[in-house]
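Notes for the one structure printed next.
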Amino acid sequence: MGSYKDGKVMDQIRDFINMEGYGGYVWPSYLVTAGLMIILLVITRRFLKANMATLEALENTAKEDVE
Amino acid sequence: MLHRFANPTRFLRIASIAQPWIAWATILLAGTGLYLGLFNSPADYQQGESVRIMYVHVPAAWMAMFCYTSMAIAAGIGLIWKHPLADIAAKATAPVGACFTFLALFTGSLWGKPMWGTWWVWDARLTSMLVLLFLYLGYIALINAFDDPARGTKSSSILVLVGLINVPIIKFSVDWWNTLHQPASVLRMDGPSIDESMLWPLLLMALAFKTYYIWVLLVRIRAEIISNKIRILRLRQVHG
Amino acid sequence: MNGFMTVLKRDLHLAIRQGIDSMTVVMFFVLIVIIFPFGVGPEPNILARVASGVIWVAALLASTLSLERLFQIDYEDGSLELLSLSSVALEVIVLAKVTAHWLTTGLPLIITAPLLAVLLNMNKEGLLVLILALVVGTPSLSLVGAVGAALILGARRGGVLLALIILPLYLPVLIFGVSAVDAIINGFEAKAQLLILGAFFLAALPLCTWAAATSIKQAIE
Amino acid sequence: MNIFSAENLFCVRGGRTVFTGLGFTLKAGEALVLVGPNGSGKSSLLRLMAGLLKPASGILRWGAEEISEDPEGHGGRLHYVGHHDAIKPVLSVSENVSFWASLMNGGSGNGETTLGALNTLGIGHLEKVPGRFLSAGQKRRVNLARILSTPAPLWLLDEPTTALDRESITSLETAIIHHRAGGGMVVISTHSDMQLANHQVIDLAGFAETCPMLEHSL
């Protein structure tokens, strides 16, 4: 019984991925869009974290000079 | 209203409070947009499933134009009222705009391949998008070309304003040029009549891209404010 | 007006004394056009079809090449500061320098264009309109390029940056310049394209001069 | 009787306060000497006076009129000598000087005053020599000859004596005395001991940063 249902489910997923043959175009565009947007976000956040760290360091040295 | 944000430290505080909300909004909007777009909206009678690329391509193209205009407005405010945050906003928008322009071109050519049989067609809109990409790259190159960041920001603000005047002229010339070399086989790009169930994912994705833009903008502006503080601390060390 | 003439005379003087510079620009222009048949193949009908496009693109690149030095030398030896401090408005001085640039690069390009048209097997009517289009188009190239040259003052790697900035802005001139020649070759009228080129020049004249002057002022700060 | 004055000038360069709350008044015939350590803003103040640089706040006045109102007019009544000498290597000395003379007072830069100016600075014999053969000292003298060849009420000299030998410095001093006698004003920033009679002095170190920079311009 299970296999019959599984067979049907498996077909659905395969059809979905295949997308009447256009899958080769639809999926890359989605993946590249998501990928590029995430990369840009990660780079910007890392830039922010790095700046926060250097600011931290500079302010400490400034404080030591004052003491 | 503008001047309330003028003070950088107050902006930092507000930005760090607002950022998580914007982040969650982006993820939520993108999620629902993708679900509607991929799962329960009909395929187009002409183009079949490949129309789903539209849910990513059209919002990216809108964002490409939106970012360039907001960059020009920010640069204008920075130049005229010497508003430090406006300059930083313009500088922070450029990479996001360039990224969306590239995505619009990439998804555009992927969408066009099944229809036109080639990866690139000198269609008026795609060509104007390509020129817009080079306007962005020119801006980013100019802003980083100077040792003194203030010089870089000023020059590139002037460039983006000059560019803004030229965008309609270039658009007009490219459209005119395109009608001249109109290959007969080109199908109209926005062929599918958008029925209601397709409209929802499109708008949701467009909104998701906007909140994503604000999210990256906030992170970048916080980073730039801090890097300015670092530069001043270093200068103080040098000059004592 | 005399401020304009003084600066123009000096710049022409400098250009003639350093004659080699404007020569190199013209040689670069001719070289690009000569290289094309090696790339595209020597068949006359193909060359005839691409001739006006190739000549216009070469003119664009040659003018970009020569524009980098427009303000750079004066910026480095301090004359730009003194020029902006003189009693003559900076816009007038920029216009004088742009005219000098056009006379030393735009004009030689126009003079050599017929030779290149022959090389690329362009027919006679096309050549006449090409010269007309170049006469109307190259001044806008110098004007828009002057804004770019003023923007990159003091920048690292100015030359490449200048090309990256102003080539997109040159597109309208290129499109209408080439289509003016193509229209004639295919037997149509080219008046509309030439008028648009003229309109572009008239718009560029005040706007670019003002933009270049503003960029110079903030570059000198 | 023109007066050149300014009150509480606030100058910022590259995000750093150079000086704040600086003011001065200069009448015809007077001289002002700027002293102070390197980087204390002497050159910036001279560039502010010339109008090359805009102050972050504070006003500069010529008589009653603000100089930013009419930059060309202000440019027309001053000579500025900066660190660079603006000599074109291809042009001869007299061509260099007569270009600035004709630009300055509407194209009537006649040869006589150019030669006269060159002679007062002892480089009359170099008249036909192209710029590229000149030494640093000779270039500086050609630059100074430029300001002698056309009259202007206000002289702004930024370390004019660098690369000058003793003899040229004295000829510069006599030129300044002559200029002041004629009702002209001079502002000089210098390290060497130039002999100037009854001149005002501003020590830029006194106007260094008083308010913290971070809040103002991030």
Side-chain angles (χ1 to χ4, degrees), chain B residues 68 72 75-76 78-80 82 87 94 98 101 122 124 127-182, chain C residues 49 53 64 75 140 143-180 182-183 186 188 192-193 196-197 199-200 203-204 206-208 210-221:
Chain B
Y68 198 84
L79 258 181
I80 297 160
K82 301 276 184 297
D87 286 334
T101 322
W122 289 94
T127 328
S128 314
M129 199 59 76
L130 187 63
V131 172
L132 188 63
L133 180 63
F134 279 96
L135 288 181
Y136 272 115
L137 296 179
Y139 175 84
I140 293 170
L142 186 64
I143 209 163
N144 303 311
F146 295 93
D147 304 330
D148 164 18
R151 264 304 314 287
T153 342
K154 272 220 188 89
S155 297
S156 20
S157 307
I158 295 175
L159 176 67
V160 82
L161 290 178
V162 168
L164 189 68
I165 301 167
N166 271 287
V167 159
I169 301 174
I170 292 173
K171 186 90 181 60
F172 163 72
S173 334
V174 166
D175 285 349
W176 184 86
W177 167 79
N178 177 269
T179 49
L180 202 64
H181 300 280
Q182 182 73 40
Chain C
R49 228 182 69 67
T64 317
Y75 178 73
S140 342
L143 279 163
V144 174
V147 179
L151 282 174
I152 59 160
L153 283 176
R156 300 186 299 271
R157 296 193 51 74
V160 177
L161 191 59
L162 180 63
L164 185 64
I165 296 175
I166 51 172
L167 279 181
L169 306 181
Y170 275 172
L171 269 180
V173 177
L174 173 66
I175 288 171
F176 288 105
V178 170
S179 73
D182 284 350
N186 308 336
F188 298 103
Q193 286 89 342
I196 292 179
L197 275 178
F200 194 75
L207 283 175
C208 294
W210 175 75
T214 334
S215 323
I216 289 175
K217 282 202 189 89
Q218 60 95 12
I220 295 173
E221 251 175 26

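Within every chain, numbering begins at 1; the chains are lettered A, B, ... in the order of the sequence lines, protein sequences first and strands thereafter. Values below: every heavy atom of this structure, side chains too, minus hydrogens, waters and symmetry copies.
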Please report the interatomic distance [atom1]([X]) to [atom2]([Y]), rounded to the nearest 0.5 Å.
| X | Y | atom1 | atom2 | answer |
| --- | --- | --- | --- | --- |
| C:Leu153 | B:Phe146 | CG | CZ | 7.5 Å |
| C:Leu169 | B:Asn166 | CG | CG | 4.5 Å |
| C:Ile152 | B:Leu159 | CD1 | CG | 11.5 Å |

**Report entry** Among the listed options B:Leu132, B:Leu135, B:Leu142, B:Val131, the residue most often paired with chain C at heavy-atom distances under 4.5 Å
**Finding:** B:Leu142

Query - Any donor-acceptor N/O pair, B:Arg151 side chain to C:Glu221 backbone, under 3.5 Å - result: no

Minimum-distance pair of heavy atoms, taken over all atoms of [X] and [Y]:
| X | Y | value |
| --- | --- | --- |
| C:Pro168 | B:Phe134 | CG-CB, 4.2 Å |
| C:Ile175 | B:Trp176 | CG2-CE3, 4.3 Å |
| B:Ala141 | C:Leu161 | CB-CD1, 3.5 Å |
| B:Ile158 | C:Gln218 | CD1-NE2, 3.9 Å |

Query raised in the report: Would you say B:Ile169 and C:Phe200 make side-chain contact, with heavy atoms under 4.5 Å?
Result: yes

Report task. Check the angle between the aromatic planes of C:Phe176 and B:Phe172 and answer parallel, tilted or perpendicular using the 30° and 60° thresholds. Result -> parallel

Query raised in the report: What part of C:Ala203 lies closer than 4.5 angstrom to a heavy atom of chain B: side chain, backbone, both or neither?
Result: neither

Report summary line: Under 4.5 Å to a heavy atom of chain B? For C:Leu151 that would be both

Query - Region of B:Val167 that comes under 4.5 Å of a non-hydrogen atom in chain C - result: neither

